[in-house]
Number of protein chains: 2
Amino acid sequence: MPSAPRRKQKNTSNKRVSLAMVAAHANVSTATASRIINGITNKASEQTILQVKKSVAELGYRPASIGRALRCQESRMVGVLAASLANPTMSAIASSIEWALRDEGFIMSLCDTHQEADIQDEYLLEMRAQLARAVVIVGAVQSPLLTDYRNSDMTFVFVNRPAPDQESALYVGIDNYQAGVDVAELLLQHGKKNIAIIHASLDQTAAEERRRGLLDRLAKAGIHSDQIPHAHAEGLNHLEVGYQCMGNILNMAERPEVILCLSDMLAFGAYRRVQETELSATDDMTFFGFDDNPLNPWIANWLNSVGVPAELYGPATVATLKAIWNHSPPTTPTYLSHKFRLNKAFTEVK
Amino acid sequence: MPSAPRRKQKNTSNKRVSLAMVAAHANVSTATASRIINGITNKASEQTILQVKKSVAELGYRPASIGRALRCQESRMVGVLAASLANPTMSAIASSIEWALRDEGFIMSLCDTHQEADIQDEYLLEMRAQLARAVVIVGAVQSPLLTDYRNSDMTFVFVNRPAPDQESALYVGIDNYQAGVDVAELLLQHGKKNIAIIHASLDQTAAEERRRGLLDRLAKAGIHSDQIPHAHAEGLNHLEVGYQCMGNILNMAERPEVILCLSDMLAFGAYRRVQETELSATDDMTFFGFDDNPLNPWIANWLNSVGVPAELYGPATVATLKAIWNHSPPTTPTYLSHKFRLNKAFTEVK
DNA sequence: CTGAAAGCGCTTACAG
DNA sequence: CTGAAAGCGCTTACAG
């Protein structure tokens, strides 16, 4: 054996190494090999353990997760359905989740639902076919299967946008209502009362909550919702919706001081519109968004936003998953505490 | 049977439906059921086909991909390793690939290598353990396993950044050298000769190619590389590298007219630096980048860039994969033809 | 301490 | 036209 040592070639070759090969190489049964590889070492002799470990190393063996998954009826895969990977906030969240998942030995399968119910359902089916261990939905939309699966054995966690139809579903993200309140509070502190709101469709729970928070707080200060112009357009692409809405606002008789967008992407769209039609107007307006897009400090310094660093989502999401599997799911939503990112012009006013 | 029709409940219940159940329900063997479900209908009676299809519908059956994968030694999963999901260009490309893959019945497993060799290798191992059908690397870095797997049975496609160590590897993306040439050409046409280049580490093939193209073309016009100041910093985060580099440039005795960044992310970093230290300077400078970040037209209008719409990557990548599987791989790199996106200020000069 | 055997969900020669 | 059987890579009672 020690002769012609094939210089550490491991498994550069073509064929996959199976457990059976390792077992044969170590002169033990697959049962024994399996146990040792899985760390069940209390029922094996020192001797055998060494032999198996050596074989694993020499052959460059790595268990085919698929075999285990089939046998255990449970894969190490977690499906992550993101509403829109084109939104940097969401892709940053997805990346954070993947990171945290990987840490626990899971592998993420990421899909983009494009905010459409039937695509989301298609992926939900697929996740089931893949025996996904759990499904994390970053920005869920209402869909038939989402309702159907409510009571199935599938583990769900909703991130960044609460479940559209189910109060009790597990949620990880900011407290959208409170964030709305906080923004309103800040504006009031700064004496800004001339506010316009830009929003897309409100059937997404997050947006609606944000708006409720805003309006409730403003109402308490005597500013009622009919004094607050709303610009709204249909469409799934927030960039374009924001662009359209801003067109309407620029046409208004009295210009608002504050353009309050229910998402940063809406604000980006609005900003472009202003730049294209009336560059100077940018300076007279204060822009507010939600989500704190990670690119904001670099290229959208004009935007004030409220949100949470994307890196915090992954650990919180995985912690929630683990809690479920330990049968001690959180009883309340997991709120990540949001912070403001304010641009200089705005903070100076203070 | 027709009584108590359980109103279309399909598989809302807990248990997964297996092929065996469908077969039993249809009174046929699993072999027959399997054939019919897979569309091998030429060897089954009309009658049986109907029965099976009915059972499938009634039970809400969807094949567990894992069973098929194990049996066929090949899953429907394609691993996509992205260098940095925080970069909107890359996440948009990933999204496009996922879309195209899905169209062909594949499912994407997306990972973020954070540009690090050992993470990339970890994922490469994992993809093998998952029996991934292929691995698409969006922004590959040099790593030991990448070399090891070169001659294995694994299918590789390199997107957006050519394989670091292998000329002949399949590549889908822009022609980086030519893009460099084209940018230089454009600058010359506009009489801009006072240029500074910002770059991160050049061990990434794409950046180096871009730079070669630029310098070659400029040299032909009599501007030699020693007349072109280079700002460079180490680090994986292009935003921060760009920020640092711009600091150096702002300290230069003679200010360049054109800040030529080898990626848009670098340009974002540079822009922030200028904004922070000397706001007005932004107007005197022309910024150029590469990749055409999808957010540019919305919030980074000051940036000129060259690239390809992200949506084009997916179809091209999948076409390449299919060609490989048909044993007719493209013999040359698949170049997507890049276009300029120029801001108004720059085009007006023309 | 160790191994033979069953079985997870599927497909596919092979035999009838 | 259809089915019994083997087998993909693994794990896990069960028996020894």
Side-chain angles (χ1 to χ4, degrees), chain A residues 11 15-52 55-56 59-77 105 125-126 128-133 153, chain B residues 11 15-53 55-56 59-77 105 126 128-133 153:
Chain A
N11 187 31
K15 291 299 111 213
R16 274 199 57 82
V17 179
S18 72
L19 181 65
M21 295 183 206
V22 174
H25 190 268
N27 275 313
V28 297
S29 70
T30 58
T32 301
S34 173
R35 280 191 217 103
I36 292 172
I37 286 167
N38 288 302
I40 320 264
T41 50
N42 60 336
K43 41 176 80 174
S45 72
E46 202 65 9
Q47 162 79 329
T48 329
I49 295 180
L50 251 44
Q51 242 161 44
V52 170
S55 300
V56 167
L59 299 178
Y61 172 68
R62 170 172 266 232
S65 10
I66 209 173
R68 163 193 265 271
L70 186 54
R71 170 60 219 239
C72 304
Q73 286 296 290
E74 190 170 65
S75 80
R76 304 290 296 168
M77 194 189 88
L125 280 171
E126 184 62 29
R128 189 160 239 259
Q130 299 273 339
L131 303 181
R133 182 73 161 264
D153 55 345
Chain B
N11 187 31
K15 292 298 110 213
R16 276 199 56 83
V17 179
S18 71
L19 180 64
M21 297 184 205
V22 174
H25 189 267
N27 275 315
V28 297
S29 69
T30 58
T32 302
S34 173
R35 280 189 215 104
I36 293 173
I37 287 167
N38 290 301
I40 321 265
T41 49
N42 59 336
K43 39 177 78 173
S45 74
E46 202 65 11
Q47 162 79 328
T48 327
I49 295 180
L50 250 43
Q51 243 161 41
V52 170
K53 292 201 164 165
S55 300
V56 167
L59 299 179
Y61 172 69
R62 170 172 267 232
S65 8
I66 208 173
R68 163 193 264 271
L70 187 55
R71 171 62 220 238
C72 304
Q73 286 294 290
E74 191 171 64
S75 81
R76 305 289 296 168
M77 194 189 87
E126 184 62 30
R128 188 160 240 259
Q130 300 272 342
L131 303 180
R133 183 71 162 267
D153 54 345

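To find a chain, count down the sequence lines: A is the first, B the second, and so on, and within it residues start at 1.
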Separation of the [atom1] atoms in [N] and [M], to the nearest angstrom:
N       : M       : atom1 : answer
dC14(C) : dC10(C) : P     : 24 Å
dC1(D)  : dA5(D)  : P     : 24 Å
dG16(C) : dT12(C) : C1'   : 16 Å

Taking [atom1] from [X] and [atom2] from [N], how many angstroms apart are they, rounded to a whole number?
X         : N       : atom1 : atom2 : value
Arg71(B)  : dG9(C)  : CZ    : P     : 16 Å
Arg128(B) : dG9(D)  : CZ    : P     : 12 Å
Leu70(B)  : dG9(D)  : CG    : P     : 7 Å
Ile36(A)  : dT2(C)  : CD1   : P     : 7 Å
Glu74(B)  : dT11(C) : CD    : C1'   : 13 Å
Ile40(A)  : dT2(C)  : CD1   : P     : 14 Å
Arg35(A)  : dG3(C)  : CZ    : C1'   : 8 Å
Asn38(A)  : dA13(D) : CG    : P     : 13 Å

Categorize [X] for me: base, sugar-phosphate, or nothing, with a 4.0 angstrom heavy-atom threshold over every strand shown.
X        : value
Ala64(A) : sugar-phosphate
Ser45(A) : sugar-phosphate
Ser65(A) : nothing
Ile66(A) : nothing

For the student: nearest non-hydrogen atoms of [X] and [Y], plus distance:
X         : Y         : result
Tyr61(A)  : Ile37(A)  : CE2-CD1, 3.6 Å
Ala33(A)  : Ala23(A)  : CB-CB, 4.1 Å
Glu126(A) : Ser65(B)  : OE2-OG, 4.1 Å
Pro63(B)  : Arg16(B)  : C-NH2, 4.3 Å
Arg62(B)  : Ala129(A) : CD-CB, 3.8 Å

If you pin Gln47(B) and Thr30(A) to their nearest nucleotides in DNA chain D, which one's is more 5'?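 Its nearest nucleotide being more 5', the pick is Gln47(B).
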Only one of Asn27(B), Val28(B), Ile36(B), Val22(B) passes side-chain contact (heavy atoms from CB on, under 4.5 Å) with Ser55(B); say which it is.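 Answer to the side-chain contact (heavy atoms from CB on, under 4.5 Å) test with Ser55(B) among Asn27(B), Val28(B), Ile36(B), Val22(B): Val22(B).
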Answer yes or no: does a side-chain N or O of Ser29(A) lie under 4.0 Å from OP1 or OP2 of dG3(C)?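 So the side-chain polar atoms of Ser29(A) do come within 4.0 Å of the phosphate oxygens OP1 or OP2 of dG3(C), strictly under.
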Ser34(B) vs dC10(C): side-chain N/O to OP1/OP2 distance below 4.0 Å: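 Answer is no, no contact under 4.0 Å.
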Tell me the partner of dG3(D), counting only Watson-Crick (N1-N3 plus N6-O4 or O6-N4) or G-U wobble (N1-O2 and O6-N3) with both under 3.5 Å; none if nothing fits.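 With both distances under 3.5 Å, dG3(D) matches dC14(C).
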Any idea which of dT2(C), dC10(D), dA4(D) is nearest the Arg68(A) side chain?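 Looking only at side-chain atoms, Arg68(A) lies closest to dC10(D).
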Would you mind telling me which residue lines up with the more 5' stretch of DNA chain C, Glu46(A) or Ala31(A), judged by nearest nucleotide?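 Looking at DNA chain C, the more 5' nearest nucleotide goes with Glu46(A).
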